[in-house]
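Take a look at the structure below.
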2 protein chains.
Amino acid sequence: MPKRVDHEERRTAIARALIRVAGRRGLHRVGMRDVAAEAGISLRLVQYYFETKEKLLLHGLRQLAADFGERATARRRAAGEGAGPRAAVEALLLESLPTDEESRTFHLLFTSYAVLAATDEALAAQPFTDAPDAAENAVTHLLEQALGEGLLTPGADPRREAAGLLAMAAGLGSGILAGQRSPHDAAGVLRHHLDRLFPGTGPEG
Amino acid sequence: MPKRVDHEERRTAIARALIRVAGRRGLHRVGMRDVAAEAGISLRLVQYYFETKEKLLLHGLRQLAADFGERATARRRAAGEGAGPRAAVEALLLESLPTDEESRTFHLLFTSYAVLAATDEALAAQPFTDAPDAAENAVTHLLEQALGEGLLTPGADPRREAAGLLAMAAGLGSGILAGQRSPHDAAGVLRHHLDRLFPGTGPEG
DNA sequence: ACGTTCATGGTACGTTCGTACCACAAAAAT
DNA sequence: ATTTTTGTGGTACGAACGTACCATGAACGT
């Protein structure tokens with residue numbers, strides 16, 4: 001056989017090609033031929049590593065979530081290990097906003113997948129809500145920690161606040177994508193709400 | 001000629017058929033033949049009233065926004081004319097949540113259009129951000145009114161709060177659509193934030 | 001009464017897409 | 001050395017889709 005190839009490596013490369021071309025042209029109107037051309041291989045090879053388009057799309061979603069997770073933790077680490085829960089939450093939320101090209105692609109495609117999952121049965125399976133649930137759990141945990149340290153506004157329910165903050169970030173991201181709002185304004189809205197949730201850590205304190 | 005027909009009436013009927021079938025099967029994978037079958041007419045007639053599919057999709061978006069506007073004002077009127085800004089804002093936000101089949105379809109399709117507009121040039125035109133801007137202006141106006149009456153928490157910026165609330169409602173809606181959250185929980189999150197924004201009008205007052 | 005316009009039906013064409021099929025060379029296994 | 005597996009290329013097929021074309025009867029204008 002021709003030189004043995006690492007299948008997993010190949011699959012992530014193809015999945016990333018799918019993500020790139022879908023980020024430009026939209027997840028609809030992306031065919032296997034487009035993915036093949038973007039990856040610099042033949043259509044046959046895309047078929048070889050992912051037998052069907054549905055499996056390719058599913059793997060693309062997993063790749064998208066995995067890459068985002070890496071960026072989020074990297075950003076959180078860059079924000080400082082002991083920077084406190086407020087900074088950690090802010091870093092996580094701001095990372096989810098479509099500011100640069102990479103996060104824009106992530107937000108666009110994740111929304112596209114969400115829309116697909118609402119009607120296609122095969123995509124509505126487990127792996128989809130896993131990522132948002134993980135994010136919500138992470139933020140909830142950080143807020144609980146903040147509550148224990150007395151940083152949170154009284155009467156705050158960590159889980160509810162986490163759900164609200166993540167939903168707000170997602171909505172603001174869609175607004176940016178649609179050209180309705182600037183990333184700067186969206187970040188301002190987000191920080192404003194964090195200021196109210198974390199009294200004393202705001203712009204004046 | 002066969003009995004003269006009101007073109008505008010026909011076009012809204014076809015556009016509503018598009019909305020129905022797209023709500024079931026997803027906006028992608030909706031063809032003109034599906035719309036024709038749903039409307040009970042021939043494919044030729046869909047071509048006749050909308051020359052091209054792109055025009056049909058554009059009109060579908062306008063119809064969607066118009067129908068939602070009607071529902072929103074109806075709900076606000078049902079909430080009571082003089083019920084105060086808090087109730088008005090709450091009614092508007094809750095209407096945007098996908099609770100029943102109609103609002104679910106609205107949220108799903110509006111998100112689908114937003115995704116399309118992010119990549120397709122023809123759809124990124126004016127009419128898309130009009131509806132969200134109108135909603136934001138309405139909420140902003142209500143919050144300004146509340147601020148004047150001293151109902152709002154101190155230091156609140158009406159426009160920023162409006163943007164945040166609408167973004168949160170949109171994000172919660174997506175969570176409901178994806179099956180991540182129940183409509184009941186989403187409404188709870190929303191009301192919780194309104195309680196903080198409107199001190200004294202909450203559950204204990 | 002007659003020609004014109006309008007609404008509608010049916011259908012065919014070109015394209016694109018996902019998938020299946022056939023072929024072949026290189027490396028591993030025996 | 002031979003046989004089997006593995007990676008890769010090319011291509012063809014069937015379906016679906018948007019659009020264009022042709023036809024036709026029924027109402028309106030004159």
Side-chain angles (χ1 to χ4, degrees), chain A residues 1-22 24-61 109 112-113 115-116 119-123, chain B residues 1-61 109 112-113 116 119-123:
Chain A
M1 1 170 173
K3 60 171 174 156
R4 208 64 176 271
V5 154
D6 185 339
H7 271 225
E8 223 42 50
E9 178 184 339
R10 206 71 148 186
R11 284 165 63 91
T12 69
I14 298 178
R16 290 218 174 94
L18 161 69
I19 290 174
R20 283 197 304 275
V21 64
R24 293 199 305 266
R25 295 215 279 269
L27 189 58
H28 65 297
R29 88 170 50 170
V30 160
M32 318 208 71
R33 286 165 178 86
D34 304 292
V35 177
E38 175 76 23
I41 58 180
S42 76
L43 165 64
R44 179 64 182 87
L45 278 196
V46 180
Q47 279 190 272
Y48 183 68
Y49 289 104
F50 301 92
E51 282 108 41
T52 175
K53 187 188 183 183
E54 190 174 52
K55 293 179 182 175
L56 170 61
L57 286 178
L58 257 150
H59 194 84
L61 172 58
L109 294 191
S112 302
Y113 274 114
V115 163
L116 284 193
T119 51
D120 289 270
E121 308 182 6
L123 214 49
Chain B
M1 359 169 176
K3 58 172 173 150
R4 205 66 176 272
V5 154
D6 185 339
H7 271 224
E8 223 41 51
E9 179 183 339
R10 207 68 148 189
R11 286 164 62 91
T12 69
I14 298 178
R16 289 219 174 94
L18 161 68
I19 291 175
R20 283 196 304 275
V21 64
R24 292 199 305 266
R25 294 215 280 267
L27 189 58
H28 65 298
R29 89 169 49 169
V30 160
M32 319 210 71
R33 285 164 178 87
D34 304 292
V35 176
E38 175 77 21
I41 60 180
S42 76
L43 165 64
R44 179 64 182 85
L45 277 196
V46 182
Q47 280 190 272
Y48 182 68
Y49 289 105
F50 302 91
E51 283 109 41
T52 174
K53 188 189 182 181
E54 190 173 52
K55 293 180 183 174
L56 170 61
L57 286 179
L58 257 151
H59 194 84
L61 172 59
L109 294 191
S112 302
Y113 275 114
L116 284 193
T119 49
D120 289 87
E121 307 183 6
L123 213 50

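Letters A, B, ... are given to chains in the order of the sequence lines, protein chains preceding strands, and every chain is numbered from 1.
Each of A:R44 and A:G31 lies near DNA chain C, and the nucleotide nearest A:G31 is the one positioned closer to the 5' end. Comparing A:L43 and B:M32 by the nucleotide of DNA chain D whose heavy atom lies nearest to each, the residue mapping closer to the 5' end is A:L43.
Not one side-chain nitrogen or oxygen of A:R33 sits closer than 4.0 Å to the OP1 or OP2 atom of D:dT11. Contact between the side-chain N/O atoms of A:H7 and the OP1/OP2 oxygens of D:dT6 is not found at any separation under 4.0 Å. At C:dT8, none of the side-chain N or O atoms of B:Y48 fall inside 4.0 Å of OP1 or OP2 (strictly under the cut-off). For D:dT8, the OP1/OP2 oxygens have no side-chain nitrogen or oxygen of A:S42 closer than 4.0 Å. Of the side-chain N and O atoms in A:T52, one or more sit less than 4.0 angstrom from OP1 or OP2 of C:dT19. OP1 or OP2 of C:dT8 has at least one side-chain nitrogen or oxygen of B:R10 nearer than 4.0 Å. Of the side-chain N and O atoms in B:Y49, one or more sit less than 4.0 angstrom from OP1 or OP2 of C:dT8.
With hydrogens and angles ignored, the 3.5 Å screen pairs a side-chain donor or acceptor of B:Y113 with a backbone N or O of B:L57. The main-chain N or O of A:F50 is never found under 3.5 Å from a side-chain atom of A:R11 such that the two would form a donor-acceptor pair.
Distance, A:E9 CD to D:dG7 P: 13 Å, rounded to whole Å. For the pair B:L56 CG and D:dG18 P, the interatomic distance rounds to 9 Å; values are reported in whole Å. Remark: P of D:dG18 and CZ of B:F50 are 14 Å apart, rounded to the nearest angstrom. Whole-Å rounding puts the A:L57 CG to C:dC17 C1' distance at 13 Å. Rounded to an integer number of Å, the gap from CZ of A:R4 to P of D:dT8 is 12 Å. Rounded to a whole Å, the CG atom of B:D34 is 11 Å from the P atom of D:dA16. The distance from atom NE2 of A:H28 to atom P of C:dG18 is 13 Å, rounded to the nearest whole Å. Between B:D6 atom CG and C:dT8 atom P there is a gap of 12 Å when expressed in whole angstrom units.
Salt-bridge annotation for A:D120 and B:R29: present, with a side-chain N of the basic residue lying under 4.0 Å from a carboxylate O of the acidic one. Under 4.0 Å is where a charged nitrogen must lie from a carboxylate oxygen, and between B:E38 and B:R24 at least one such pair does.
At a threshold of 4.0 angstrom between heavy atoms, the contacts of B:V46 with the nucleic acid are absent.
Side-chain atoms of A:K53 lie closest to C:dT19 of the nucleotides C:dT8, D:dG18, C:dT19.
Under the 30°/60° scheme for interplanar angles, the aromatic rings of B:H7 and B:Y48 are found to stand perpendicular.
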